[in-house]
Every structure is written in structure tokens, then in C-alpha cells.
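All ligand and atom numbering here is 1-based and tracks the order in the structure.
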Amino acid sequence: MCDCESNRSMDVKTPRNVYLSGFYKRSFAFYTIKNRMPVIITSLLDNLARNKLKLAEKYEEEAKEEIKTVIGQLSKLKYEIQTNKPLKLLSSQAADAKIYNEYITRQANEEGHATYFHTIWLLAECYMYRRIWQIFETMSVLKNFDPFQDKKEESFFTALPLIEQMGKYLWDSIHDSTTPSEDEFVQFMKLNLWGNKCDLSLSLGKVTEENTLFDISSLDKQILSDYSTDIWKAISACDSSSDIVDIVFDNAGYEVFTDLCLADYMIAKQLAKTIRLYVKTIPWFISDVMTHDFHWMLQQLKSHENHVLQNLGERWQSYIDNGTWLIVESDFWTLPFDYTYMARVDQNLYKQLAEAKLAIFKGDLNYRKLFGEKNWDPTTSVDQALQNFNPTKLAILRTIKADIVCGLEEGIAEKIEAEDPKWMETGNWGLIQYSNKIVEIK
Ligand SMILES: O=P(O)(O)OC[C@H]1O[C@](O)(CO)[C@@H](O)[C@@H]1O
Ligand SMILES: [Mn+2]
């Protein structure tokens, strides 16, 4: 339960050890609910209005009517957020809706409801994306329409110069020798970390070109906690009974390309035999990867004029065809829960992750969920802040885009805060964290 039940917001930063919430006016949660979430809906409305004719051509004439309905419902949703209305129970018949509704009901304050600014930020934000999806779900011709698909595709095209560089780097290294090295593995991991700067929700859907992300060594000083060596030891250890590595994906475009480069490096150098790739099942935080985004990207690579990209596309397609890479869908990733809930809500998923020798979690939202959406003292240890979410060894790669952090050395947070007061909101600072604690469930 959130300690933000009173209806009055407080003009303070989030106190230590409580849930992030829009209740605290000097928090990124407040700023997000007040500014970022409405802007995201506005830009969705603009895109739909602009593409109405194109959509009517692609689908049927009926799409025009449906777009009108969608626009009306999205506008209502935006108004509900801006006026801090209660989170309405979902009307969707999908299985996850029941789980959302039970959770929303449990978060009710003394007046009997949970509102956007006065509940846990994670719930308010996840709920917005689930509501957006519910609007499409109830349509007939647009029921499978991914409203963020155009943006995700555009971000891939914008990142192509970087993708070409990264592709060549991978190609050379896998054709170099079969022996893996710590240095090389860590390079791929760092490139993968900085790929997380490219999400579309922080940029409010704006696709920007990031030219510096390949210049890894100059970015090293921006990694505030770096457990690369421990991760290397975990992945290269010969004593593991498992050959599986799990990657819990975050964003499409450049980031997922770097995920796959790391995944291919691990396969090519025999650090893993199978890689499971976890995707979202509904359009999520604008840029998160869904199965169709994955296949779309493989298609783009296979038909690209650049031979390296073409070869990688074919190679990765064969990994999918022969089961070396498995795409795994699960609704759990789009529920409003932090990961302490996984063992109770989705035991099978927890047990599945336990089969892997290492699970790599990508990105800011995964970070918030891993660490319980709480404002920890930054020196709190990773293991304490995980609160027993330890299905297997964890590698946590995230550029910081929200005011939650743990596992930092004494004094680091204060030092960076003085140097860069917005350090928790820009994605300019990174973390490579690790846990080797394991908590089994029966
Ligand atoms: O794609 P990522 O890295 O999870 O980040 C998504 C965005 O979601 C948030 O966690 C909340 O909006 C941000 O802090 C970040 O901008
Ligand atoms: Mn994301």
C-alpha cells in the first residue's frame, strides 16, 4: 500500500524507502504524470489524426470511424490523468485485466479509489499503457493495431548508421577466433548498456540520433557502478549446470540490435547454447519490443543492401528457426507489479528464469520493477533492494531515467548530484549491476 493516501500532494522530494508516487511534487513521478504522460497521449492523438487516411487505405473504410472513437477515448483518458481522476477498473475481457482490477482495488485510499497522482507511480504509468491498449482491443478492424509501431520503425531507420557500425564490430569479432575474452564480452555489454539511452518514452516519442553511443571508452566515467567482471565470471564459469541465458528485452530500434549482438556473441563464443528473449505482449512505454517488432527487424536486416547486416539477418533468422534463440511472450511484464510479486503471481515465470545461468534485465522500467519502485538510499546493496527477487544470477543494465538507484558506493550519488542535478532523469549515467544470490521457490 502506498503511503500517499491523503488527497493532498506534498511539495517535497520522495522520502527514503517509500514507493515512488506523484504524491511527492518534487519527484520525477509527479513530473511524469503531470507533463510526460499527457504529452505522450497528445502525440498519439496527433499521429492518429495525421494518418487517418493512410490507415483507412491499409485497413478498411471502417477504420475511419474507429479512429474517431479511439481519438475520443484517448482524449478522455488524457483528461482523467490531468484531473487526477480515479483509475477506472478495466472492462477488457483479457486475463490480465482481472489482475489489474484486483490490484487497483487493493490500492484504494479511504475514499475508495486510487488516483493517478496519489497511487504508486508504477501503477499509474503501467495502467495508462494498458488503458491505451484497451481502447484498441475493443475495436474491430483496429483491434491488433500497434499505435507505436511507426515510431519504433522510424527509430530503427534513424539508428542505421550506428547499427551498421555495431554489426561490423560483431561480425569481425565472431570471425576472429572462437575463444571469448573478458574484454570483448564487456565491450558488447557496455555497447548494450548505452543502447538503453535510445528509448522513446523519455524522449516523448521523438526519435533522435545518438552519435556518441559507440564511443564506449569515453562513456566509462558515466558508469556509476560496474560489476562487469562478476558478470563475465558468471557467464564464463564452467561449473554451471545450465547453458541458457535469458534477456528481458526493453526497447526496439538500436537497443534491441545491441541486445542481439550480445546474444550472438554469447552463442558464437559458446558462452551459452540457448538464449531466451522476453518480449512484451502489448504496446508498452512506446518503444518496448513485441514479437512483431522483432520479426520486422529481422526482415529489414535480411533485405538490407549492407552485406554484414544481410548476413546477420540470415544468421539470426536461423537461430530462431533452429531454436537457438527463443522468443518468449509473457503477460507478466506488462502487469503493474514490481518483481517481488513474480513468485506469487507467476510462479512458472520465476521457475523458468531459475533455469537460466544468467538473466540479463534491460532498462529503466525493469530497474524500477527489480528494486520495488522504492526510493532507496543509493548505498543500499543490490541484494537488499531486490527483496528476494533472485530466481537466478542477475545482470542489470540500465541508463538512469528515474529517481531510483541502489548499489552505489558511499558519496557517489552526492558527487554526481552536485555535478549534474538532473542526473537521474536524462539517461546520461549508466549502471552495470549484478547479483549472485539465488532464492528458490518450491
Ligand atoms: O525504456 P526504459 O529504459 O525502460 O525507460 C522508459 C522510461 O520509463 C520510465 O521508467 C518512466 O517513464 C522513465 O524513467 C523512462 O523514460
Ligand atoms: Mn522501454
### Message
I'd like to know if the Mn ion (ligand 2) has an N/O/S atom from D250 within less than 2.8 Å of it, counting both backbone and side-chain atoms.
### Response
yes
### Query
Are E255 and K197 close enough for a salt bridge, meaning some N to O gap below 4.0 Å?
no
### Query
What is the distance from atom OG of S435 to atom CD of Q433, rounded to the nearest 0.5 Å?
10.5 Å
### Message
From the N, O or S atoms in D288, identify the one nearest to the Mn ion (ligand 2).
### Response
OD1
### Proximal candidate to atom 15 (C) of ligand 1 [heavy atom criterion; set K401, E255, E373, R368]
K401
### Query
Below 6.0 angstrom between ring centroids: does that apply to Y103 and F337?
yes
### Task
Confirm or rule out an N/O/S atom of S287, from backbone or side chain, lying less than 2.8 Å from the Mn ion (ligand 2).
no
### Message
With nothing but distance in play, are any N or O atoms of E125 less than 3.5 Å from an N or O of ligand 1?
### Response
yes
### Query
Would D338 and K369 satisfy salt bridge (Lys or Arg N to Asp or Glu O under 4.0 Å), going step by step from the backbone distance to the final call?
CA-CA 4 Å; D338 68 61; K369 289 185 165 192; over 6 Å; no
### Query
Which atoms of ligand 1 have any heavy atom of F28 under 4.0 Å away?
14 (O)
### Task
Using a strict cut-off of 4.0 Å, indicate which atoms of ligand 1 neighbour a heavy atom of N196.
3 (O)
### Query
In chain order, what residues pass the salt bridge (charged side-chain N to carboxylate O under 4.0 Å, His left out) check against D383, with sequence neighbours excluded?
none
### Query
Strictly under 4.0 Å, does any heavy atom of W121 approach an atom of ligand 1?
yes
### Message
Can you tell me how far apart CD (E182) and CD1 (I235) are? Round to the nearest 0.5 Å.
### Response
12.5 Å
### Message
Could you tell me, atom by atom, which parts of ligand 1 come under 4.0 Å of a heavy atom of A402?
### Response
14 (O)
### Message
Is the contact between D364 and ligand 1 made by the side chain, the backbone, both, or neither, using heavy atoms and a 4.0 Å cut-off?
### Response
both
### Query
N192 and D259: side-chain donor and acceptor closer than 3.5 Å?
yes
### Query
Once the angle between the rings of W316 and F257 is folded into 0 to 90°, is it parallel (under 30°), tilted (30 to 60°) or perpendicular (over 60°)?
tilted
### Message
If only side-chain N and O atoms count, and only distance matters, is there a donor-acceptor pair under 3.5 Å linking N84 with H118?
### Response
yes
### Query
Do ligand 1 and D288 have nitrogen or oxygen atoms that lie under 3.5 Å from each other?
no
### Per-atom contacts of ligand 1 with F285, taking only distances under 4.0 Å to non-hydrogen atoms
8 (O)
### Message
My understanding is that only residues two or more places apart in sequence, or in another chain, count here; which of them pass ring pair (Phe, Tyr, Trp, His ring centres under 6.0 Å) with W333?
### Response
Y278, Y339
### Whether R36 lies under 4.0 Å from ligand 1, heavy atom
yes
### Message
Closer than 4.0 Å to some heavy atom of G363 - which atoms of ligand 1 meet that?
### Response
3 (O)
### Message
Heavy atoms only, cut-off 4.0 Å: how does D250 contact ligand 1, side chain, backbone, both, or neither?
### Response
side chain
### Task
Check Y367 against ligand 1 and report side chain, backbone, both or neither, counting heavy atoms closer than 4.0 Å.
neither
